[in-house]
Amino acid sequence: MKMDLKYILNTMLICCWIWPRLAHSDRGDCLKANAKSCAECIQAGKNCGWCTLAEFLRKGELTVTRCDDIESLRMRGCPIEDIENPKGSLRVESDRYLTDLASGMKTNVEDLTQIQPQKLSLKLRSGESQSFSLHFQKAKEYPMDLYYLADLSLSVQDGLENMKKLGIELNEEMRKMTSDFRIGFGVLQKNPCTAGETCRSQFSFRNVLPLNSDGATFSTLLHNQAIAASLNSSEDGADAIMQTAVCGDTIGWRNAIRLLVYYSNTGLHFSRDGKLSSMRPNDGKCHIDSQGVYTMNHHQNHPSISHLARKLEKNQIQLLFAVKEELKDIYQLFHDSIPKSEVGILTSNSSNVIKLTLNAFQASEVILANSKLPAGVSIHYTAHCKNNTIHTGEDGRKCSGIQVGDEVHFAISIKAEKCPNKGQKTTINIEPRGLNEKVKIDLEFICECECQKNATTNSSDCHQGMLECGACRCKEGRIGPYCECSTDEVISEDTEASCRKDNASPICSNNGDCICGECVCKKRENPSEMFSGQYCQCDNFSCDRFNGLICGGNGICHCGQCLCLPTFTGDACHCSMDIEGCESTNGQICNGRGTCECGRCRCTDSRFSGPTCEQCPTCLGVCAVHKNCVLCKAFNKGPKKDTCDQCEFEVTLVEHLDQLAQQHCRFKDMDNSWFCFSYSINDQEVPEVHVVKTRGWC
């Protein structure tokens, strides 16, 4: 029995020392999960594993104890091959290289690649991130579509001429930037009400010229436009912008940079989100007839600004407002609500609007956006921009000051918590705003363990349950490690009796639950603290402490008592049995003037003090009293040479000063040579004197 106890104690002590080096910070997450299956366990944290070893559970342990961090399971005797610990993965499905800028030959948008990679497949384990790099490079000769939308209501002749001039300059300047350029044209025109119809407005959008590469036709149609004068301004531009965004087939948008320049002398009307109106809400769909005219102007309300912003973003269209100076503040409010929109002030030479349009094409800023993420999935961006500039957080999505040929990259990390979408596969996209290129990412979630595939429904090991991953998954109404107990039996007096130490004792010492006649001890919030014993009567955290540590950190707590390491003793294992700290330089323990207790000297002679009882402030006469005896005993000299046998001690000659006590005596003999000695009393009350002769000061 003693041998068994000693073996258990030594094993526990070894674990006590090794454990802090092996435990992971998230062990508490694994234990707190109370996972009753392997699937629940692996979703508790990335380092949580499930032991499938059939004989892993000790008597009284519940199935939930199979779930712990990997190192803890190994320390508890579960071989690594019996631990379920699936890991996520990342596979690149499409990885075309960025367009070779040196060739300058590729002009079709299908041949241009500005982001790399293009498709990924990720398997995500709960709490475990998968990371990759997304590279971006602005390609030469990238195709561009520009649609010019003009509101001519209340225009004077100068305004009309400025509108035509701006359109022509845009056509000319953008053709200098890329050979693959198309331009289209639309206006807000008069659209009187028919008899008996309630009119919301007298203006309606008309698509004059779909996007095409015929610049001459564009200029001709532009020159033919006339003032659409009216007593009321239209302010119907929001309807026109919405139709331009959603009627992709009619307008002719391609997979290219898409710019919409809106020219106006007046403001915009939007419906207010959530506000009731007598008119039908704007449905955000295309309603253009064969003549290119918007047909729902008198039937549905204006779009809200948020609705319009979403449609523009979805269709990758960048909106540029070209307005007069006096409308700047109004349109600045619209700009703040519509991502990537810009406001250009109309001047005599239109330079401001031209510059904004050129900047939009040159894409001096790249901003990454992702589609809606499943609940529980998060994404983190880190931008590595020009000049070794790094941005994180929300700024990690973008890089500025990018010119054609510049390459930047983004470090992207995706993580899932628990099991989103009930484990169903899903797809998300990451794309630069304003471009029709994207990274397609297929997400698959690791929600189950491999061992679940081999579950046995009619196992002899489980009375009324299924053997899954080494543990019994009980049918409803059954509990216990082997489903051997009915829930109706759990609270019966017969089963509770075996969970008491005696009739006067509480069930499981109030530290556990009686399950099928056996105590299952409660878990503590701190996973390193635990109850144990047949009746959960013991614990490992209520022992004496020293320096704030249980058992002084030099032992383990068992049933309220410290079991100390072999070199420590005391109620709190606070007393070291190592005597090295008590040894003086002459090899004596405490210089023979005290005892070594807890690794420190306790001087028995009150005159002496110091770490090894070497100091004696009141013993100033010791050196003088013993000087002559030392001379005669060591060198056969001095006044006591003839009566040396009367001296009460013998001396030991040593070669070096460090063999003496720190406090020692110094004298010169008759030959003017220095000699030094130390005097102490050993445990047998016998004086010990060590002497050294030196030519110099000692």
Please step through side-chain hydrogen bond (donor to acceptor under 3.5 Å, both in side chains) for the pair Thr266 and Ser264, ending with a clear verdict.
CA-CA 6 Å; Thr266 186; Ser264 180; 5.5 Å; no
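- Smallest separation of non-hydrogen atoms from Ala44 and Lys418: CA-NZ, 4.1 Å.
- Put simply, the side chain of Thr389 never gets that close to the backbone of Cys385: no donor and acceptor are under 3.5 Å apart.
- With hydrogens and angles disregarded, no donor-acceptor distance shorter than 3.5 Å links the side chain of Glu172 to the backbone of Glu169.
- Open room surrounds NZ on Lys328; 12 or fewer heavy atoms of other groups in view lie less than 6.0 Å from it.
- Using a distance-only test at 3.5 Å, with no hydrogens or angles considered, a donor-acceptor pair links the side chain of Gln118 to the main chain of Arg96.
- Classification of Lys425 and Asp442 as a salt-bridged pair fails, no side-chain N sitting under 4.0 Å from a carboxylate O.
- Side chain of Asn315 to backbone of Lys311: a donor-acceptor contact under 3.5 angstrom is found.
- Proximity of a side-chain donor or acceptor of Arg125 to a complementary backbone N or O of Ala416 within less than 3.5 Å is not detected.
- Each of Asp395, Asn370, Thr392 was evaluated against Tyr381; a single residue qualifies, Asn370, per the side-chain hydrogen bond (donor to acceptor under 3.5 Å, both in side chains) test.
- Cys pair Cys38 and Cys449 passes the test of SG atoms under 2.5 Å apart.
- To the nearest 0.5 Å, atom OG of residue Ser371 and atom CG of residue Asn429 are 4.5 Å apart.
- For the residue pair Phe185 and Met163, the shortest heavy atom distance occurs at CE1-SD, 4.5 Å.
- Between Tyr262 and Tyr331, the angle of the ring planes lies from 30° to 60°, which puts this pair in the tilted group.
- A donor and an acceptor atom, one from each side chain of Ser306 and Ser304, are located under 3.5 Å apart.
- Looking only at atom types and distance, the side chain of Glu431 has a donor-acceptor partner in the side chain of Gln316 under 3.5 Å away.
- Formation of a donor-acceptor pair under 3.5 Å by the Asn282 side chain with backbone atoms of Asn301 is found in this model.
- A salt bridge links Glu71 with Arg74: the closest approach of a Lys/Arg side-chain nitrogen to an acidic carboxylate oxygen falls below 4.0 angstrom.
- Atom CG of Asp249 has 12 or fewer heavy atoms from other residues, nucleotides or ligands within 6.0 Å.
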Report the C-alpha distance between Asp283 and His287 in whole Å, list the side-chain angles of each, state the deciding distance to 0.1 Å, and finish with yes or no for side-chain hydrogen bond (donor to acceptor under 3.5 Å, both in side chains).
CA-CA 10 Å; Asp283 60 9; His287 298 286; 2.9 Å; yes
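- With hydrogens and angles ignored, the 3.5 Å screen pairs a side-chain donor or acceptor of Gln43 with a backbone N or O of Cys447.
- Centroid-to-centroid, the aromatic rings of Phe321 and Tyr263 stay 6.0 Å apart or farther.
- For the cysteines Cys48 and Cys67, the sulfur (SG) atoms lie at a distance of at least 2.5 angstrom from each other.
- With hydrogens and angles ignored, the 3.5 Å screen pairs a side-chain donor or acceptor of Lys386 with a backbone N or O of Gly401.
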Evaluate side-chain hydrogen bond (donor to acceptor under 3.5 Å, both in side chains) for His135 paired with Glu407, printing each intermediate quantity in order.
CA-CA 7 Å; His135 297 265; Glu407 181 179 338; 3.2 Å; yes
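- Using a 4.0 Å cut-off between charged side-chain N and carboxylate O, Glu417 and Lys415 make a salt bridge.
- Taking the charged nitrogens against the carboxylate oxygens, Arg182 and Asp145 do have a contact shorter than 4.0 Å, which makes a salt bridge.
- For the atom pair CD1 of Ile379 and CG of Leu373, the computed distance is 6.0 Å after rounding to the nearest 0.5 Å.
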Give the intermediate values and the outcome of disulfide (SG to SG under 2.5 Å) for residues Cys78 and Cys51.
CA-CA 6 Å; Cys78 189; Cys51 183; 2.1 Å; yes
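- Between Arg175 and Glu173 there is no salt bridge, since no side-chain N of the basic residue sits under 4.0 Å from a carboxylate O of the acidic one.
- Between the Ser271 side chain and the His302 main chain, a donor and an acceptor come within less than 3.5 Å of each other.
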Test Gln137 against Gln114 for side-chain hydrogen bond (donor to acceptor under 3.5 Å, both in side chains), laying out the working first.
CA-CA 5 Å; Gln137 185 180 55; Gln114 296 183 111; over 6 Å; no
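- Of the inter-residue distances, the one linking Thr244 atom OG1 with Leu149 atom CG reads 5.0 Å to the nearest 0.5 angstrom.
- Here the side chain of Ser94 pairs no donor or acceptor atom with the backbone of Lys119 at under 3.5 angstrom.
- Cysteines Cys247 and Cys286: SG-SG separation is under 2.5 Å.
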